[in-house]
Structure formats: structure tokens, C-alpha cells
Amino acid sequence: MDPHLLRTFAAVARLGSFSAAADELGYTQSAVSQQIAALEQDVGAPLLRRRPVALTDAGARLLEHTGPILLRLAAARADVARLSGPPPAAVVLGATPLSGVDAAALVRVQRAMPRVTFTLHVAGAAAVATGVAVGELDLGLVDGVTAPSDPLPLPDTGRLTTAPVAERPAVVALPAGHPLAGRRGLRLADLADAVWLDAPEIATPLERLRALARAEGFRGGLAYPGTDAAVFSSLIAAGAGLALLPESALTPGVRGVPVAEPRLVHRTDLVHGSLTEPAAAVRDALMS
């Protein structure tokens with residue numbers, strides 16, 4: 001299956017238009033139509049209805065596979081480039097907002113290598129893991145809430161090394177004046193009817209909450225798609241919704257109540273592929 005055809009198909013499906021996909025990809029509209037027709041011939045099924053543009057059942061199923069396929073191809077290219085390309089004079093570290101970056105360790109490495117440019121990029125867990133896989137980031141710190149023995153839920157990015165950096169108790173974060181703020185423990189399933197802050201780039205996503213609690217519910221309150229931890233905490237303090245956090249992330253006006261059931265931890269992992277010498281120095285500093 002030609003990845004160029006898959007990219008064109010994904011663009012048409014996302015934009016809902018052959019002409020818009022052509023503009024984005026730098027093709028003519030007829031070239032886009034020809035590529036979609038070639039892909040449909042390859043898979044042996046119509047993928048898109050034309051007027052208006054809409055996915056067929058077969059197209060919807062193929063689209064589910066397209067993102068992971070293109071990601072793995074990009075990750076394979078980046079993995080080979082790490083081994084065969086010249087060592088860069090820069091290190092880009094990705095980190096999720098609550099991963100707890102050891103800033104002092106990062107500065108020590110920077111001072112020891114004055115000719116190397118170091119950059120810290122803050123993003124959500126999926127973006128950090130994907131960035132490392134495709135070579136946009138040299139290494140990444142990702143955090144999340146999970147059962148003690150379970151891995152963090154990350155995209156299937158292929159061959160990456162994952163190492164635990166820190167593990168902290170997970171608590172339900174709520175406003176200091178909340179009726180449950182004085183409780184000694186809370187069952188996650190008992191909070192299924194509560195309003196949760198919908199902030200997937202920082203907090204535990206709503207679908208992940210349902211999976212952890214093995215219960216439906218967990219409706220979203222105010223949606224915050226950003227990555228600013230200070231704004232996020234202020235929203236919790238103001239009553240915009242609850243969240244699962246590490247104890248270390250609690251701020252004035254926000255109380256944390258331990259999760260009594262199920263047993264959950266907030267973990268930070270370091271993810272990376274093959275490392276240059278400067279990137280390896282960052283890894284060692286963060287792991288020490």
C-alpha cells in the first residue's frame with residue numbers, strides 16, 4: 001500500500017474536500033482524484049463518496065489504520081537517521097506539563113556542553129512520544145496515572161526505550177472548599193457522576209478515567225486543551241472540574257484526596273531512541 005496514497009486519503013478525509021486536500025498537499029485536484037482512485041483499486045473497495053465527500057464504511061476502517069501506519073513509517077525513517085546521520089549540535093527534550101522536569105540537572109548538562117544548543121518543548125504525552133519516534137525530539141519525559149504494574153498508555157510508535165524516572169501517589173484534585181476535600185480516601189468509581197476538567201494535554205483524559213474506574217460517566221466540565229500548569233490548577237481551584245494529579249502538583253486552593261480504589265500511581269517515564277552523546281548526557285542527568 002503506497003504511503004503517498006494513504007497521506008492523500010487522510011488529507012481528503014480530514015478536510016472533507018478534494019480541492020482543499022490538493023491545496024494543502026501541493027497537488028492538482030485531478031491528481032488527488034487519481035491517487036484516491038488508485039488507492040481504491042489497490043484495496044478493492046470504494047473509500048470515499050464524492051458529492052458530498054464522505055467516508056464509506058471501508059474508508060472509515062482504513063482511516064483507523066492510516067494514522068498508525070504513517071506514524072510507524074516516519075518512526076522507522078527517524079530511527080535509521082539516528083544511527084546513520086551526523087551527530088547534531090542540538091538536543092531537544094520534550095516534556096509533559098506535570099512530568100516534573102529536573103531543571104537544575106538540565107542546566108548542569110547545558111553548562112558542561114556550551115557548544116550544544118538545548119531546547120525544552122512542552123506538549124501532551126501523545127505528542128511527546130510521537131515527536132521522539134519521528135525524530136523531532138531527541139528524548140521525552142511523559143507522565144500519567146496508571147496502575148502500579150501497568151505501562152503508561154502511549155501511541156504505538158515502534159521501537160523506543162522507556163525507563164521510569166519517578167513514581168508518586170495519585171490523588172483526586174478538587175477545590176479546597178469542596179465537600180469531599182476532607183475525606184481520607186475516595187473510590188474512583190464513586191466519582192463517575194462528578195464533573196471533571198477536560199484537559200487531555202495535562203490531566204488524565206476522560207476515556208482513560210472510565211477505563212481506570214471500569215465505569216461509565218466522568219462527564220467533562222470546562223474544556224482546556226492547553227498545557228499551562230498554572231492555568232490548569234487555577235481552573236481546578238475555581239471549581240471547573242476534578243482531576244487526577246500527583247501530590248507534588250497541588251497548589252494553594254487545591255486539595256488532594258488519595259484514591260482508595262483502584263490503586264493508582266502517577267508515573268513519569270523517559271522515552272528515547274538511539275541517543276547522541278549530548279542527548280545521552282541529558283538522559284543520565286535526568287535519571288540520576
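Along the sequence shown, the residues carry numbers beginning at 1.
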**Asked** Under 4.0 Å between a Lys/Arg side-chain N and an Asp/Glu carboxylate O for R168 and E247?
**Response** no
**Asked** Do the charged groups of E24 and R7 touch, with an N to O distance under 4.0 Å?
**Response**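 Answer for the salt bridge query: no.
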Can [Y] be reached from [X] by stepping across I, L, V, M, F, W or Y side chains whose heavy atoms are under 4.5 Å apart?
X    : Y    : value
I69  : V134 : no
L174 : L264 : yes
V165 : V109 : yes
L120 : L286 : yes
L250 : L197 : yes

Identify the heavy atoms of [X] and [Y] that sit nearest to each other, and give their distance.
X    : Y    : value
S19  : Q29  : CB-OE1, 3.4 Å
V12  : A21  : CG2-CB, 3.5 Å
A58  : A45  : CB-CB, 4.1 Å
A243 : A203 : CB-CB, 4.2 Å
R208 : P153 : NE-CG, 3.7 Å
L242 : P175 : CD2-CD, 4.5 Å

More than 12 non-hydrogen atoms from neighbouring residues, nucleotides or ligands closer than 6.0 Å to [atom1] on [X], yes or no?
X    : atom1 : result
R183 : CZ    : no
R50  : CZ    : yes
R263 : CZ    : no
R255 : CZ    : no

Hey, does the side chain of [X] reach the backbone of [Y] with a donor-acceptor pair shorter than 3.5 angstrom?
X    : Y    : result
W196 : T204 : no
R267 : D150 : yes
E201 : G124 : yes
R49  : L55  : yes
T130 : A126 : yes

So, do [X] and [Y] sit near enough that their side-chain heavy atoms are less than 4.5 Å apart?
X    : Y    : value
L152 : V142 : yes
V145 : V265 : no
V53  : S17  : no
V91  : T119 : no
D42  : M1   : yes
L47  : L62  : yes
E216 : R210 : yes
L70  : L6   : yes

**Message:** Could you walk me through whether V116 and F118 satisfy the side-chain contact (heavy atoms from CB on, under 4.5 Å) test, starting with their C-alpha distance in whole Å, then the side-chain angles of each, then the deciding distance to 0.1 Å, before giving a yes or no?
**Reply:** CA-CA 6 Å; V116 179; F118 292 86; 3.7 Å; yes
Approximate separation, where rounding is to 0.5 Å, of [X] [atom1] and [Y] [atom2]:
X    : Y    : atom1 : atom2 : value
T162 : L270 : OG1   : CG    : 8.5 Å
D143 : T96  : CG    : OG1   : 3.5 Å
E40  : Q35  : CD    : CD    : 12.5 Å
L212 : F218 : CG    : CZ    : 8.5 Å
D269 : L141 : CG    : CG    : 9.0 Å
S233 : L245 : OG    : CG    : 7.0 Å

**Item:** Test log, rule side-chain contact (heavy atoms from CB on, under 4.5 Å), inputs F18 and L48
**Value:** CA-CA 10 Å; F18 280 69; L48 292 164; 4.1 Å; yes
**Request:** Take L139 and V271, measure what side-chain contact (heavy atoms from CB on, under 4.5 Å) needs, and give me the verdict at the end.
**Result:** CA-CA 6 Å; L139 61 173; V271 295; over 6 Å; no
**Request:** Test side-chain contact (heavy atoms from CB on, under 4.5 Å) on D228 and V122 and set out the steps.
**Result:** CA-CA 9 Å; D228 189 316; V122 178; over 6 Å; no
**Asked** If we ignore angles and hydrogens, is there a donor and acceptor under 3.5 Å between the side chains of D138 and H272?
**Response**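 Not at all, the side chains of D138 and H272 share no donor-acceptor pair under 3.5 Å.
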